[in-house]
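What follows is a short report on a single structure.
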Amino acid sequence: MTQPHLQLPPARPANEAEARAVQDALRDRVVLDEPGPSPAEPLVAVGVDVAYDDARDVVAAAAVALDADSLTVLAEATAVGRVAFPYVPGLLAFREIPTVLDALGRLAVTPGLVVCDGYGVAHPRRFGLASHLGVLTGLPVVGVAKNPFAFRYEPPGPHRGDSSPLLDGTEEVGRALRTRDGVKPVFVSVGHRVGLETACAQVLRLTRGYRLPETTRAADTLCRRALKDA
DNA sequence: GCGACAG
DNA sequence: ATCTTGTCGC
């Protein structure tokens, strides 16, 4: 099982205090001064997602690579593992990342951009799942969340493409982005090696007809199937 | 101190 | 995340 994108092995903290210490130690490695892949150029966009069966202690991850323009599936990969960490708000990455890395490592193409569920720098310690995954892989990563977590926002305009700041106090940590007319926005934040403008543009590019990007929809479907077959 | 809180 | 069918509406 090769993992061509791996820069750092995933930490396996034994408790919450250790997990927070890992986040504090790694967050300085997040790169925020790159614009990221241009929405005007061809792109291999990879969606990652995870499904759980806590009763069986099983977790299944999926990575699906799409051509960002045609939305054609270029490659798929899955991985199955043991649940490595409980769900704790702020520590989601430790629950998802080990199996996600396995799936990414089995993907036959190199991602130009990874899209994951959850947040990047919109995080209590500015090191959410998307940033964590970015630092470990070195890849550009954006986070797309379905809920505003602990942050505040004013509703964006009613049309697709409208957005408003996602705020932690007065600091903009992401954007509430309307991906469909009149539908609840998604919450986009930068993970690693992508700017917020580009992140939103790419999320819109990958979203057609549904609230969520096709990358996450495809990964969601695949990891659920992988969990059943596990 | 208590509750809320990505998935 | 997960428990879960049909149904109302564009």
Side-chain angles (χ1 to χ4, degrees), chain A residues 10 13 16 19-20 22-23 27 30 47-64 78-101 103-104 114-135 141-153 158-160 166-169 171-177 179-192 196 199 203 208-213 215-228 230:
Chain A
E16 297 184 18
R20 286 187 205 95
V22 170
Q23 292 179 330
R27 71 176 168 200
V30 176
V48 295
D49 195 16
V50 168
Y52 301 95
D53 184 340
D54 284 298
R56 284 192 304 157
D57 192 38
V58 173
V59 51
V64 181
T78 61
V80 175
R82 298 293 189 123
V83 178
F85 208 82
Y87 172 66
V88 180
L91 301 179
L92 176 65
F94 298 97
R95 185 166 166 82
E96 307 225 329
I97 275 186
T99 317
V100 165
L101 286 175
L104 274 177
V114 177
V115 180
C116 62
D117 287 32
Y119 283 116
V121 298
H123 179 273
R125 286 168 295 284
R126 299 294 179 269
F127 196 67
L129 174 61
S131 296
H132 202 143
L133 187 60
V135 165
V141 185
V142 302
V144 179
K146 298 182 283 296
N147 299 294
F149 199 16
F151 306 106
R152 301 214 163 271
Y153 70 102
H159 300 303
R160 169 178 161 87
L166 185 68
L167 300 173
D168 186 355
E171 182 180 353
E172 181 177 26
V173 293
R175 215 102 92 187
L177 177 64
T179 53
R180 291 194 69 189
D181 289 1
V183 173
K184 174 180 176 175
V186 299
F187 304 91
V188 177
S189 66
V190 161
H192 183 63
L196 188 52
V203 168
R208 328 238 171 121
Y210 295 88
R211 179 165 83 116
L212 298 176
T215 36
T216 65
R217 286 167 41 78
D220 181 81
T221 300
L222 183 57
C223 72
R224 291 189 198 225
R225 192 162 64 70
L227 183 63
K228 281 188 178 181

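Chain identifiers are assigned alphabetically (A, B, ...) following the order of the sequence lines, protein sequences preceding nucleic acid strands; residue numbering begins at 1 within each chain.
The distance between atom CG of A:Asp53 and atom P of C:dT2, rounded to the nearest whole Å, is 9 Å.
A:Phe85 and A:Phe94 have tilted rings, their planes meeting at an angle from 30° to 60° on a 0 to 90° scale. In this pair, A:Tyr153 and A:Phe187 present their aromatic rings perpendicular. The plane angle is above 60°, beyond the 30 to 60° band.
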Could you run through nucleotides 2-7 of chain B and give me one letter per nucleotide, 5' to 3': B if any protein heavy atom sits under 4.0 Å from the base, S if only the sugar-phosphate is that close, - if neither? ---BBB

For DNA chain C, produce a single dot-bracket line, 5' to 3'. Pairs: Watson-Crick or G-U wobble, both distances under 3.5 Å. Symbols: ( ) within strand, [ ] crossing, | other strand, . unpaired. ..........

Just the dot-bracket of DNA chain B, please: which string comes out with Watson-Crick or G-U pairs under 3.5 Å, [ ] for crossing, | for another strand? .......

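Here the side chains of A:Asp117 and A:Val48 are not in contact, with every heavy-atom distance at 4.5 Å or above. Counting only heavy atoms from C-beta outward, the side chains of A:Val144 and A:Arg211 never approach each other to under 4.5 Å.
Closest approach of A:His123 to A:Arg126, counting heavy atoms only: O-NH1, 2.6 Å.
Counting heavy-atom neighbours within 6.0 Å of A:Arg56 CZ, excluding the residue itself, gives a total above 12. Other residues, nucleotides and ligands contribute more than 12 heavy atoms inside 6.0 Å of the CZ atom of A:Arg208.
For the side-chain contact (heavy atoms from CB on, under 4.5 Å) with A:Tyr52, the qualifying choice from A:Val58, A:Val83, A:Leu227, A:Thr99 is A:Val83, the only one to do so.
Taking a cutoff of 4.0 Å between a charged side-chain nitrogen and a carboxylate oxygen, A:Arg224 and A:Asp49 do not qualify as a salt bridge.
Remark: aromatic rings of A:Phe151 and A:Tyr119 are close, center separation under 6.0 Å.
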